[in-house]
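See structure below.
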Amino acid sequence: MQYWLMKTEPDECSIDDFANNPSDVIRWDGVRNYQARNFMRNMHIGDEVFIYHSSCAKIGVVGIVRVTRTAYPDPAQFDANSPYFDSKSTKEKPRWDAIDLQFVRKFPQVISLDKLKSLPELAENPLVRKGNRLSVVPYTKAERDAILALV
DNA sequence: GCCAACGTTGGC
DNA sequence: GCCAACGTTGGC
């Protein structure tokens, strides 16, 4: 079991999209950063993923989902009508991957970025580093447990 | 809306 | 392979 965190703008996809349909499997697509993609390729079925809401009123970790399908070519990269279309991507050599996720739990309140920054366990984590733009971040169990202790 | 930090692109 | 220009991210 590995632990991850994935960022999303709640306007695009929020923890409520998972919580409102807990039996649904939701495709996590549109990742267009190589480092983030490579992390996605390392995910396994059952891995736990924190959902983080960014660029919104209540920034922070809002809940947990789990991986139900490992990395596969993101269909959006082939769709000329999609904002995630990539003209340099081919079916033979796809550039970008998606994974599937399913709801696990929503926290009663958002664990704010301020609180995350206050955790000594997270001091080295890219999430709380200024200028960090990585949308998929791996977590150690110690980091994950420190966050869960704030729920 | 601002802007610092970062990743990507493309000319050389 | 360097690096300036550019576009994007994301907190404030």
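Every chain is numbered from 1 and lettered A, B, ... according to where its sequence line falls, protein lines coming before strand lines. Just so it is clear, the model here is predicted, and its values are computed rather than measured.
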Quiz item: In terms of the nearest nucleotide of DNA chain B, which residue is placed more toward the 5' end: A/Gly131 or A/Arg95?
Solution: A/Gly131
Quiz prompt | Taking every non-hydrogen atom, the tightest pair across A/Phe107 and A/Phe50 | solution = CZ-CE2, 3.9 Å
Self-check item: Minimum heavy-atom distance between A/Ala123 and A/Val128, given as atom pair plus value
Solution: O-CG2, 4.2 Å
Quiz item: Could you run down nucleotides 2-12 of chain C 5' to 3' and tag each one B, S or - for protein heavy-atom contact under 4.0 Å?
Solution: -----BBSBSS
Self-check item: Heavy-atom pair with the smallest gap, counting every atom of A/Ile15 and A/Ile64
Solution: CD1-N, 4.2 Å
Exercise. Would you please name every residue forming a salt bridge (Lys or Arg N to Asp or Glu O under 4.0 Å) with A/Asp17, sequence neighbours left out?
Key: none
Quiz item: Who pairs with A/Tyr72 by ring-ring contact (aromatic ring centres under 6.0 Å, His included), at least two apart in sequence or on another chain?
Solution: none
